[in-house]
Each structure stands twice: as structure tokens, then as C-alpha cells.
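Read through the structure below, which is laid out as C-alpha cells, and then see the notes.
Labels below follow one simple rule: chain letters A, B, ... track the order of the sequence lines, proteins then strands, and each chain is numbered from 1.
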Protein chains: 2
Amino acid sequence: MASFVTVTSPADPRLADYTRLRDVNLRKSLEAEHGLFLAEGEKVIRRAVAAGHQVRSLLMADRWTGPLADVLDSVDAPVYVADDATLEGVTGFPVHRGALASLERLPLPSVDAVVKDARRILVLEDVVDHTNVGAIFRCAAALGVDAAVLAPRCADPLYRRAVKVSMGAVFALPYARMTDWHNGLADLRTAGFQILALTPSAGAVPLDSVPPAGRRALLLGSEGDGLSSRWLDEADERVRIPMNETALARGVDSLNVTAAAAIACYTLLRP
Amino acid sequence: MASFVTVTSPADPRLADYTRLRDVNLRKSLEAEHGLFLAEGEKVIRRAVAAGHQVRSLLMADRWTGPLADVLDSVDAPVYVADDATLEGVTGFPVHRGALASLERLPLPSVDAVVKDARRILVLEDVVDHTNVGAIFRCAAALGVDAAVLAPRCADPLYRRAVKVSMGAVFALPYARMTDWHNGLADLRTAGFQILALTPSAGAVPLDSVPPAGRRALLLGSEGDGLSSRWLDEADERVRIPMNETALARGVDSLNVTAAAAIACYTLLRP
């Protein structure tokens with residue numbers, strides 16, 4: 001059962017896990033060093049705990065201790081209760097959702113383990129925006145993609161903003177991170193995956209003309225530059241979402257990566 | 001041809017159009033009162049000007065006067081040139097894209113005029129987040145949707161953030177705003193549109209089983225609560241994106257509105 005501690009100073013060292021949540025660089029090093037991540041809001045906290053992540057501590061406004069009572073009963077960790085000013089003082093912004101939890105990361109499985117029994121996987125090369133990573137995970141999980149594999153530089157799915165935007169889907173979709181970008185696709189090919197590279201290039205095959213496959217891996221690239229030329233070259237097929245001619249004439253020549261991922265997961269990666 | 005004016009004080013009254021860009025309430029009333037909107041970044045400014053919006057003024061760092069020289073040559077408006085500190089002082093945030101333009105809104109066409117020759121339209125009920133409105137416009141334009149109709153409370157597509165996220169697609173996709181939410185769908189029905197309501201409800205028809213139609217209007221609801229019960233009742237058909245059983249069991253039960261809109265536009269609204 002959790003133990004309740006009222007805190008009144010943003011400088012209280014027991015709140016160090018919650019420091020300056022909008023300072024991306026600080027958070028990255030702090031979270032890596034301590035192997036922690038943050039969940040924000042009742043629903044996401046519930047899902048993080050249900051997914052087996054050990055709770056280091058929680059920090060919330062008093063009004064949230066009631067709605068979260070069953071969760072707090074089930075964990076063995078301090079619950080820091082603070083007023084809104086203290087919350088904002090620690091985190092650096094008004095915590096509208098009123099409740100935060102600091103949780104232990106679990107060891108990530110290997111790429112081999114994650115793709116072993118998968119038929120449909122998503123491979124994210126350098127998607128750098130946490131909002132996009134969270135939204136893509138939510139899509140992929142909702143549509144029944146089996147797993148995700150991340151290139152070394154893809155943004156962290158357990159970063160607070162990604163967790164929040166995913167609505168906890170980062171706990172539902174198994175994923176692994178490859179250690180070797182250069183040869184990262186070789187193992188997938190060996191495992192018999194048809195490797196499809198999503199690109200806006202006019203020369204690519206439209207989504208709905210892709211030959212069927214037993215196992216399929218869809219590659220998504222970064223927000224600005226798309227997939228690297230190496231990965232484009234390594235793919236079995238380059239595929240595109242057909243754009244409308246009138247739109248092209250008006251200068252609308254692509255979708256954002258989340259919208260493109262949604263259409264591609266729906267079209268190519270359903271079970 | 002534009003006239004260049006160096007400004008050094010954030011309080012300069014000539015910069016009033018650019019005041020406190022993150023203060024949503026202030027911006028809404030300021031922009032409504034003056035009939036203006038803001039475009040941010042080179043590409044979006046180009047598209048706004050190309051779409052026929054008259055330029056009131058521009059505000060930029062000196063480094064942007066070169067890349068935008070052809071646009072500045074073509075407009076008859078003051079160009080305020082400021083250093084980064086002055087820019088941040090006026091707008092309230094660091095203007096990474098370095099260039100802003102204040103432009104005149106054009107009178108919106110009527111719903112009748114916008115749907116007159118349209119076959120595929122999107123109808124947004126109360127989508128309140130500007131990021132979502134921008135992303136949905138970008139999708140709809142790219143995939144060849146003919147027009148959008150907005151309910152009275154839908155967020156403004158010409159709000160700075162919506163314009164930016166849309167990459168200027170808000171200038172490419174014709175749209176109108178209905179004045180009467182309650183009877184807003186009656187005219188579309190009279191015009192012969194098949195009216196489809198997108199909802200996550202299990203009782204709805206899966207996207208790929210919708211009967212074909214000559215003219216089709218797809219309704220999208222707000223981020224939190226979806227479509228109103230009135231609009232759900234008024235639709236010819238309720239349609240859903242099929243969710244995966246495993247995902248449902250893991251608590252992932254819906255997509256965000258932009259991802260859902262992308263899939264629905266791709267599946268139901270292509271020309």
C-alpha cells in the first residue's frame with residue numbers, strides 16, 4: 001500500500017524524478033540515468049501499472065487520491081501530495097491532468113524476440129518527434145500491428161509526451177530497438193519479411209497495388225527527410241499513398257507522418 | 001513593393017498584429033476584430049500570398065529578407081525587420097521559423113456555394129484543437145476531398161497553429177462554416193449527399209462495408225466526445241474503423257481524430 005506524504009516545496013529532493021518536465025535534454029539524461037519514465041493522468045498511470053512497471057513514486061494534487069485509490073492501494077511506493085503551485089514549481093508547467101507517476105523501465109526485448117512470432121511489423125527509422133511516435137504507436141496498436149522495431153535514433157516511446165499521446169498504447173505494442181542502423185534490415189529479410197518503404201516519391205508503387213505477403217515490415221522515415229537512401233535501397237518495394245492531382249497542383253504534396261502511418265497501417269498491416 | 005522598416009521595441013504599436021501569439025483568447029478576439037490571420041514560415045507565407053490574401057505587414061529576422069525577396073517585391077506592405085529578442089518580445093516565444101506575415105481574411109463562401117459542385121466532403125462538428133484541424137485539412141486536401149464544412153464551434157482553420165500544421169492546405173481546400181448547427185445537415189441531405197458519421201461505436205458499419213454513393217459527406221466529431229447524438233441520429237449510416245481484438249483487450253480502443261480522419265478520407269472520400 002502506498003504511503004502518503006504532503007510536500008510543500010518544489011525543491012524537495014524527493015521530487016527529483018519530476019523536475020522540469022519540458023526540458024527535453026535534462027529529461028533525457030535524467031531518465032536514462034535512473035531508468036525511469038513518467039506517466040501523466042489517471043488513465044495512463046493505470047495502464048502503466050497494469051503493464052507491470054514498478055512504481056518509484058507518484059505526485060498528485062489531493063483531488064486525485066480518490067479516483068486513483070485502488071491503484072494506490074496496490075502499489076508500494078510514496079505518494080507525494082502537493083497543491084497546484086508546488087506541482088507547477090517542480091515540473092515547470094501547470095499539470096492539468098493533476099497526477100504523475102514515476103515508474104521503472106523494463107528491459108527492452110531484443111529485435112529477434114519481438115519479431116519472432118510477428119506477421120505485421122512497423123519499423124521506425126528516425127521519427128524524432130515524441131508526439132508522432134506516440135500517435136503512431138496508438139494507431140499501430142489499435143489496428144492490430146504485432147510489433148514495432150525502432151532504429152537507434154528514433155525518439156523514445158516512453159518519453160512523457162509520447163506515452164501521453166499514445167494513451168498508453170506504448171505499453172500494449174511490443175517493441176525493440178535495433179543497435180545497428182546500417183545492417184538493421186538484414187535480420188528482417190532473413191526472417192522472411194517483405195520489406196516495404198513508405199515514401200512520397202512519384203516512382204513508388206501505390207499502396208493498394210502491393211503484392212500480398214505472409215510477413216510484412218513497413219518502414220517509416222523521419223518527419224523532414226523521410227527514409228534514408230540506404231533503407232530505401234534495401235527495401236523490397238517502395239510504396240506511396242496516392243496523392244490527388246489537384247492537391248499537387250496547389251502545392252499540397254504530402255501527409256504528415258502520423259496521417260501517413262495511419263493509412264499505411266490500415267491498408268498494409270492489418271492482421 | 002514592400003517597404004522595409006527596422007524595429008527595435010517589442011512595444012512598437014505597428015507590431016500590434018503580432019502580439020502574444022500563444023495567448024489563444026487574446027488572439028481570437030484580436031484576429032476577429034481586425035479580420036486578420038497570421039502565416040508563419042517561408043513556405044506557408046508563400047502559399048498564403050499565392051492564395052490571394054492581401055498582406056497587412058510582415059515581421060521577420062533580417063536573414064529571411066533574402067529568401068523571401070521575390071514575395072516582398074510583389075506585395076505592397078511594410079516589412080518590419082527585427083532581431084530575435086525583439087521578435088520574441090512581441091510574440092512571446094522564440095520564432096524559430098523567423099518570418100511572420102499578417103494577412104487579410106477573405107469572406108468565407110456560403111455552405112451552398114462550397115458544396116455545389118463537390119462530390120466528396122468532410123464535415124467537422126466540434127473539432128476544437130487547432131493542430132487537429134490543420135492536420136485534417138492537410139489530409140483532406142492531399143487525398144482529393146473537394147471541400148470541408150465546419151459546424152459553428154469547430155476551431156478556426158486560419159488560426160496560426162492550424163495554418164502551420166496544415167502546411168498551407170487551409171488555402172487549398174475550399175471550406176465554409178454553417179451558421180445553424182441544429183439543422184446544419186438538412187441542406188446536405190437535400191443536396192443528395194450520403195451522410196456518414198464516423199464513430200468508434202461497436203454497432204457501426206465497418207468502413208469497407210459502406211454502400212457506394214455518388215455524393216458523400218463524412219462527419220467527424222470532437223476529440224473528447226465524438227459526434228453529438230443529434231448528428232449521429234441524422235446520419236444515413238454510422239461507420240467505424242475496425243479495431244483489433246487484441247488491442248481492445250489491452251485497452252487501446254480508439255484512434256486520435258487525425259489518424260481516424262486520415263484513414264476515413266483515404267477509404268471513403270477519394271475522388
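Looking only at heavy-atom pairs under 4.5 Å with chain B, the residue among A:Gly144, A:Ala142, A:Ala259 that has the most is A:Ala142. Among the candidates B:Lys43, B:Met243, B:Arg46, the residue making the largest number of heavy-atom pairs closer than 4.5 Å to chain A is B:Met243. Your options are A:Leu248, A:Thr258, A:Leu143, and the one with the most heavy-atom pairs under 4.5 Å with chain B is A:Leu143. Taking A:Ala50, A:Ser254, A:Ala264 one by one and counting their heavy-atom pairs under 4.5 Å with chain B, the maximum is reached by A:Ser254. By number of non-hydrogen pairs under 4.5 angstrom with chain B, the leading residue of A:Ala135, A:Cys139, A:Ser166 is A:Cys139.
Residue A:Leu255 holds its CG atom at 10.5 Å from OH of B:Tyr266, rounded to the nearest 0.5 Å.
Inter-residue side-chain proximity for B:Val252 and A:Leu173 is flagged as unmet; no heavy-atom pair is nearer than 4.5 Å. With a 4.5 Å cut-off on side-chain heavy atoms, B:Arg270 and A:Pro242 count as touching. Contact of the A:Arg138 side chain with the B:Asn256 side chain is registered, since non-hydrogen atoms from C-beta on lie closer than 4.5 Å. When side chains are defined from C-beta on, A:Thr267 does not count as touching B:Ile263, because their heavy atoms never get closer than 4.5 Å. Side-chain contact between A:Val145 and B:Asn244 is absent, with no heavy-atom pair separated by less than 4.5 Å.
Other residues, nucleotides and ligands place no more than 12 heavy atoms under 6.0 Å from the CG atom of B:Asp225. Applying the 6.0 Å contact sphere to CD of B:Gln54 captures no more than 12 heavy atoms from other residues, nucleotides or ligands. In this structure, B:Glu104 places its CD atom where more than 12 heavy-atom neighbours from other residues, nucleotides or ligands lie under 6.0 Å away.
Heavy-atom distances place the side chain of A:Ile241, and not its backbone, under 4.5 Å from chain B. Neither the backbone nor the side chain of A:Met167 has a heavy atom closer than 4.5 Å to any heavy atom of chain B.
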